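Here's the structure we're looking at; comments come further down.
Numbered from 1 within each chain, the chains take letters A, B, ... in sequence-line order. Side chains are part of it too, since the values below use all heavy atoms of this structure and drop only hydrogens, waters and symmetry mates. Remember, predicted model here, so these are calculated numbers, not experimental data.
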Protein chains: 2
Amino acid sequence: MAVPSSPPASPLFLREHEVRRGVELLFFGYTRLTRSIDEGLNEHGLGRAHHRALYFIARQPDLTISELLRILAITKQSLGRVLTELGERGLVETRPGVIDRRQKLLRLTEQGKAFEAQLFVALRTSLAAAYAAAGQESVTGFWRVLEGLIPDEDRAMVAALQKDMR
Amino acid sequence: MAVPSSPPASPLFLREHEVRRGVELLFFGYTRLTRSIDEGLNEHGLGRAHHRALYFIARQPDLTISELLRILAITKQSLGRVLTELGERGLVETRPGVIDRRQKLLRLTEQGKAFEAQLFVALRTSLAAAYAAAGQESVTGFWRVLEGLIPDEDRAMVAALQKDMR
DNA sequence: CAAGATACGTCAATATGGCTGTCCCATCTT
DNA sequence: AAGATGGGACAGCCATATTGACGTATCTTG
């Protein structure tokens, strides 16, 4: 795998160090951010999978099971376990769909809202510090690159989440 | 409350939606990027944990076990299993440290290098496309924000990885 | 040199969060 | 009435992580 020291104008090769930098920063950044909520989750005996469900239910009240499945991209069985546990702890409640009574609309209880908000504080603290240190210009770039990592078929779903943000 | 060191308009309390957007984009971007290598890993019966080890050994040949443990932030036992499996498949080899013979210096075999390079193609394809779509300015911002997510005590480690990038 | 610290390995037990496959029920659609 | 869809549930499996304790080789230091 000998690499010439003066590379030709192959854009793919030229980007290697930039790509490695991105891979590494994404790895460390993502894992550190998720670690920031572990303590709060542990207090309730919950894990990150529970947080992901909580988060997206908080984000889109009256989400259905199948919508949540598409967002999380896990199996019905895996999600079932998580939702059962969240229900048992009184953090999530469901009601039958209005239009389609087979559906279950997911919502956070008051307790669930409070807990999600508590976890969100940790996320906000970390991200806000990073945003502040980097500056608004950088934040825009940060978003743009991440958007480019999301495959076309998923982009509508992500955009929908952010649709009704004020 | 006198906080002399922060500017008056310090956006510590960013608008919530900016933080949620970052959380979501990081989640989707990171998970989609990691999924891009699953197929390649599956062909060898390996998982993402194996890739992380492979990746960092590729990045820093002659890495020691304890350095790798610090990077991955997992336990010795977890890493032990991963390295055993990589060794059995002839992807990673070790030799005793030169200065300190208790150490094991980790290296990829030729096979290991080829495999890591193959996986890297998928990462590069995804990230390079995102970089190209976003533009160089954005890439810089992307890096800056992610750097800000890494706690001070880990930053030296990450910087060391990128020290000898050409 | 003896004592202790360090680098690494290993055992056993456990938790978490995924997966597949199969079958079921209620409800909506045609 | 038949079929499609939303959701639940069973059984079993796998990957990846954890803790705690103990062992061995090697380096460092009083």
Check DNA chain D against residues 34-48 of chain A and give the residues with a non-hydrogen atom under 4.0 Å, in numerical order.
-> none
In a table with atom names and distances, give each donor-acceptor pair under 3.5 Å that connects a side chain of residues 68-80 of chain B to protein atoms at least two apart or in another chain.
residue : atom : partner : partner atom : Å
B/Thr75 : OG1  : B/Ser78 : N            : 3.4
B/Thr75 : OG1  : B/Ser78 : OG           : 3.0

Presence of B/Ser66 side-chain N/O under 4.0 Å of C/dC8 phosphate oxygens OP1/OP2 = yes
Of all residues at least two apart in sequence or in a different chain, which pass the side chain to side chain contact (heavy atoms under 4.5 Å, CB included) check with B/Gln111?
-> B/Leu91, B/Thr109
Per the under-4.0 Å heavy-atom filter, residues of residues 88-100 of chain B near DNA chain C come out as none
What is the 5' to 3' range of DNA chain D, first to last nucleotide, that sits under 4.0 Å from any heavy atom of chain A?
-> D/dA4 to D/dC10
Check ring-ring contact (aromatic ring centres under 6.0 Å, His included) between B/Phe27 and all other residues, then give those that pass, not counting sequence neighbours.
-> A/Phe56
Walk me through it: do A/Glu18 and B/Gln136 pass the test side chain to side chain contact (heavy atoms under 4.5 Å, CB included)?
-> CA-CA 10 Å; A/Glu18 297 173 291; B/Gln136 182 59 49; 3.4 Å; yes
Ion pair A/Glu24/B/Arg59, N-O distance below 4.0 Å = yes
Considering non-hydrogen atoms only, spot the tightest contact between A/Ala53 and A/Val82 and give its length.
-> CB-CG1, 3.9 Å
Any A/His50 side-chain N or O less than 4.0 Å from OP1/OP2 of C/dG17 = yes
For residues 84-98 of chain A, pull every pair meeting salt bridge (charged side-chain N to carboxylate O under 4.0 Å, His left out), keeping only residues two or more places apart or in separate chains.
-> none
Who pairs with A/Ser126 by side chain to side chain donor-acceptor pair (under 3.5 Å), at least two apart in sequence or on another chain?
-> none
Counting only non-hydrogen atoms, which of residues 70-81 of chain B are less than 4.0 Å from DNA chain C?
-> B/Lys76, B/Gln77
Give the intermediate values and the outcome of salt bridge (Lys or Arg N to Asp or Glu O under 4.0 Å) for residues B/Glu116 and B/Lys113.
-> CA-CA 5 Å; B/Glu116 196 276 335; B/Lys113 282 181 200 171; over 6 Å; no
Can you list every pair that meets salt bridge (charged side-chain N to carboxylate O under 4.0 Å, His left out) and has a residue in residues 48-57 of chain B, with sequence neighbours left out?
-> B/Asp38-B/Arg48
Is there any ring pair (Phe, Tyr, Trp, His ring centres under 6.0 Å) pair reaching into residues 104-124 of chain B, and which pairs are they, with sequence neighbours excluded?
-> B/His44-B/Phe115
Student check: side-chain heavy atoms of A/Glu67 and A/Leu106 closer than 4.5 Å | no
Listing, residues 148-158 of chain B side-chain donor-acceptor contacts under 3.5 Å, not counting sequence neighbours, or none:
residue  : atom : partner  : partner atom : Å
B/Asp152 : OD1  : B/Arg155 : NH2          : 3.4
B/Asp154 : OD2  : A/Arg32  : NE           : 2.9
B/Asp154 : OD2  : A/Arg32  : NH2          : 3.1
B/Arg155 : NE   : B/Glu147 : O            : 3.4
B/Arg155 : NE   : B/Ile150 : O            : 3.1
B/Arg155 : NH2  : B/Ile150 : O            : 2.4

